[in-house]
Number of protein chains: 2
Amino acid sequence: MSDGRAAQIYGGESLLFLTDEQLRQGIEAMFFAYRGFTADPDRILADMAYGRAHHRAIHFINRAPGTTVNNLLAILGVTKQSLNRVLRTLVADGLVESRVGTSDKRERHLFLTEAGQSLESQLSDAQRARMRAAFRDAGPEAVAGFKQVLEAMMDTDMRRAYVKLRDGS
Amino acid sequence: MSDGRAAQIYGGESLLFLTDEQLRQGIEAMFFAYRGFTADPDRILADMAYGRAHHRAIHFINRAPGTTVNNLLAILGVTKQSLNRVLRTLVADGLVESRVGTSDKRERHLFLTEAGQSLESQLSDAQRARMRAAFRDAGPEAVAGFKQVLEAMMDTDMRRAYVKLRDGS
DNA sequence: AGCATACGTCAGCCTTGTTGACATTCCAAG
DNA sequence: CTTGGAATGTCAACAAGGCTGACGTATGCT
């Protein structure tokens, strides 16, 4: 597996960016960057009774208003019991509204209330500010590469969900 | 905060890559990609009594053999109690060796045993394989951009730790 | 009528984070 | 030499947020 100093030339093109050293740098970059990525919303949520799980639910409900529980389950990749615990508190606190489906009454469609949207903005603003600063520092070409690599790193199902959110809505 | 459709022109340069839409894509890309990033090691660890916390400890001990507990604490960003619980099991299971410092006997220097190195390779190989595939798919320029954006996204302390691991050792 | 689906919920477990309190060991400064 | 502070270890208690398993209720489809 480990290819050591893989300073190979393949098809006339240098593959120096695929050395174990380069890959390890990528791994550590992901680790450290993800910490920064979640730091600001985490700080805001720490004061309330909420955590990262609530943030994720709020984000994707805002992103796709009216989405069903099952849908959200698939995107978040958690069990319904886990999600339900989070949704229950959000509904109880009046941040999320759960409406029975019209065509299929088994389904519940999820919406943010005004209070929910307000919190979403707060969290989103903080996270976007950091992302904006990073994007600005790195420049457009770097941003394109950033997205390209991340997309290639996703599992197939997640990539589908990502692309669907990005392109269609 | 929210700048809506920020199709501004500033200093003659297009900032279309800084629209809220672009930033949201970046945010969701990080979320989905991180899931893929941790998926393979998580699967391996699920069979054992270990979790992601053990992986992180093993990774950085392998990366900087002989590192002190305090050092590891700073890098991982958790409390000593939290780390200690993980280290205790790893030492008990013979994956990590904790040697009393020679110059300062208060410090414990951490090393992977052979069994520890073996597990590290297993986890690392899985994670590197995915990273390698993503890097190969995206190409060298994308990889450069990827790292650039991630580095810009880190907190100052984490960036320092990242750069130190990357450059000096 | 009967099976499958969508959702909610209860109970219990695990990992991994947190605080707080306290003991030990050692270095260094007075 | 004593004492204070630093580094570490450990115990206890707790919370968030994952998980499985089981069960109940509507609803939809065949």
Side-chain angles (χ1 to χ4, degrees), chain A residues 31 34-35 38-39 41-61 66-93 96-111, chain B residues 31 34-35 38-39 41-61 66-93 96-110 123:
Chain A
F31 171 71
Y34 198 76
R35 289 261 296 281
T38 57
D42 280 359
R43 249 189 302 276
I44 296 172
L45 291 161
D47 298 334
M48 322 184 190
Y50 296 143
R52 215 175 279 179
H54 300 83
H55 181 198
R56 291 196 284 256
I58 288 175
H59 174 94
F60 286 107
I61 293 173
T67 190
T68 65
V69 173
N70 244 3
N71 223 305
L72 203 51
L73 237 43
I75 285 179
L76 296 177
V78 296
T79 59
K80 64 172 180 173
Q81 292 92 329
S82 214
L83 175 59
N84 187 255
R85 178 171 36 200
V86 166
L87 281 181
R88 210 183 320 167
T89 69
L90 290 175
V91 169
D93 295 350
V96 167
E97 194 187 346
S98 166
R99 294 185 208 152
V100 173
T102 49
S103 63
D104 188 337
K105 291 179 186 167
R106 290 171 304 178
E107 297 179 339
R108 304 299 144 93
H109 298 279
L110 303 169
F111 300 87
Chain B
F31 172 71
Y34 199 77
R35 290 260 297 281
T38 57
D42 280 0
R43 252 190 299 276
I44 295 172
L45 290 161
D47 298 334
M48 322 184 188
Y50 297 143
R52 215 175 278 179
H54 299 83
H55 181 195
R56 290 196 283 257
I58 287 175
H59 174 95
F60 287 107
I61 292 173
T67 189
T68 64
V69 173
N70 240 8
N71 223 306
L72 204 50
L73 237 44
I75 286 179
L76 296 178
V78 296
T79 59
K80 62 175 180 172
Q81 293 91 331
S82 211
L83 175 59
N84 188 256
R85 179 172 35 201
V86 167
L87 283 180
R88 212 183 319 163
T89 69
L90 290 176
V91 169
D93 295 351
V96 166
E97 195 187 345
S98 166
R99 296 186 206 150
V100 174
T102 49
S103 63
D104 188 336
K105 292 179 186 168
R106 289 168 304 179
E107 296 180 341
R108 304 299 143 96
H109 298 278
L110 303 169
L123 297 170

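Every chain is numbered from 1, with letters handed out A, B, ... down the list of sequences. Note that these values count all heavy atoms, side chains included, but never hydrogens, waters or copies made by symmetry.
- Across the interface with DNA chain D, nearest-nucleotide mapping of R108(B) and T102(A) shows R108(B) to be the residue nearer the 5′ end.
- A salt bridge is defined here as a Lys NZ or Arg NE, NH1 or NH2 lying under 4.0 Å from an Asp or Glu carboxylate O, and R99(A) with E97(A) meets this definition.
- N84(A) has its CG atom 18 Å from the P atom of dG12(C), to the nearest Å.
- Ring planes of Y34(B) and Y34(A): parallel class, angle under 30° (limits at 30 and 60°).
- To the nearest 0.5 angstrom, L76(B) atom CG is 7.5 Å from R35(A) atom CZ.
- Base-pairing analysis of DNA chain C finds the following stems of at least three consecutive Watson-Crick or G-U pairs, with both pairing distances under 3.5 Å: C:1-30 with D:1-30.
- The nearest whole Å value for the distance from the CG atom in L72(B) to the P atom in dT8(D) is 10 Å.
- R56(B) has a side-chain polar atom (N or O) that falls below the 4.0 Å cut-off from OP1 or OP2 of dG17(C).
- The backbone N or O of T79(B) lies less than 3.5 Å from no partner atom in the side chain of S82(B), so there is not a single donor-acceptor pair.
- Scanning atom types as modelled, no donor and acceptor separated by under 3.5 angstrom connect the side chain of R106(A) and the base of dA26(D).
- In terms of the side chain to side chain contact (heavy atoms under 4.5 Å, CB included) criterion, residue partners of D42(B) (sequence neighbours excluded) are, by chain and number, T38(B), R52(B).
- Take the nearest nucleotide of DNA chain D for A49(A) and for V100(A): the residue whose nucleotide is more 5' is A49(A).
- For the segment residues 74-81 of chain B, the set of residues with a heavy atom within less than 4.0 Å of an atom of DNA chain D comprises K80(B), Q81(B), in numerical order.
- If you check every strand for non-hydrogen atoms under 4.0 Å, S103(A) touches sugar and phosphate atoms only.
- Interatomic distance, N84(A) CG to Q81(A) CD, rounded to the nearest 0.5 Å: 8.0 Å.
- Regarding L73(A), its CG atom lies at a distance of 12 Å from the C1' atom of dG8(C), rounded to whole Å.
- Counting non-hydrogen atoms under 4.0 angstrom, R85(B) reaches a base of the nucleic acid.
- Summarising the geometry, atom CG belonging to D93(B) is positioned 3.0 Å from atom OH belonging to Y50(B); distances are rounded to the nearest 0.5 Å.
- What separates CG of D42(A) from P of dG17(C) is a distance of 13 Å, to the nearest Å.
- Between N70(B) and dT8(D) there is a side-chain polar atom (N or O) within less than 4.0 angstrom of OP1 or OP2.
- With dT16(C), dT8(D), dG9(D) as the candidates, the nucleotide lying closest to the side chain of T68(B) is dT8(D).
- Note: T67(A) OG1 to I61(A) CD1 = 8.0 Å, rounded to the nearest 0.5 Å.
- Atom NZ in K105(B) sits roughly 17 Å away from atom C1' in dA6(D) (whole-Å rounding).
- Between the P atom of dG17(D) and the CG atom of L87(A) lies a distance of 13 Å, rounded to the nearest Å.
- Taking the centre and axis of the six-membered ring of F31(B), the NZ or CZ atom of R56(A) falls outside the cone set by 45° and 6.0 Å.
- The phosphate of dA16(D) has neither OP1 nor OP2 within less than 4.0 Å of any side-chain N or O from H54(A).
- At whole-Å resolution of the value, CG in D104(A) and P in dG28(D) are 5 Å apart.
- The OG1 atom of T68(B) sits 8.5 Å away from the CG atom of L73(B) when rounded to the nearest 0.5 Å.
- When rounded to the nearest whole Å, the span between CZ of R88(B) and P of dG9(D) equals 10 Å.
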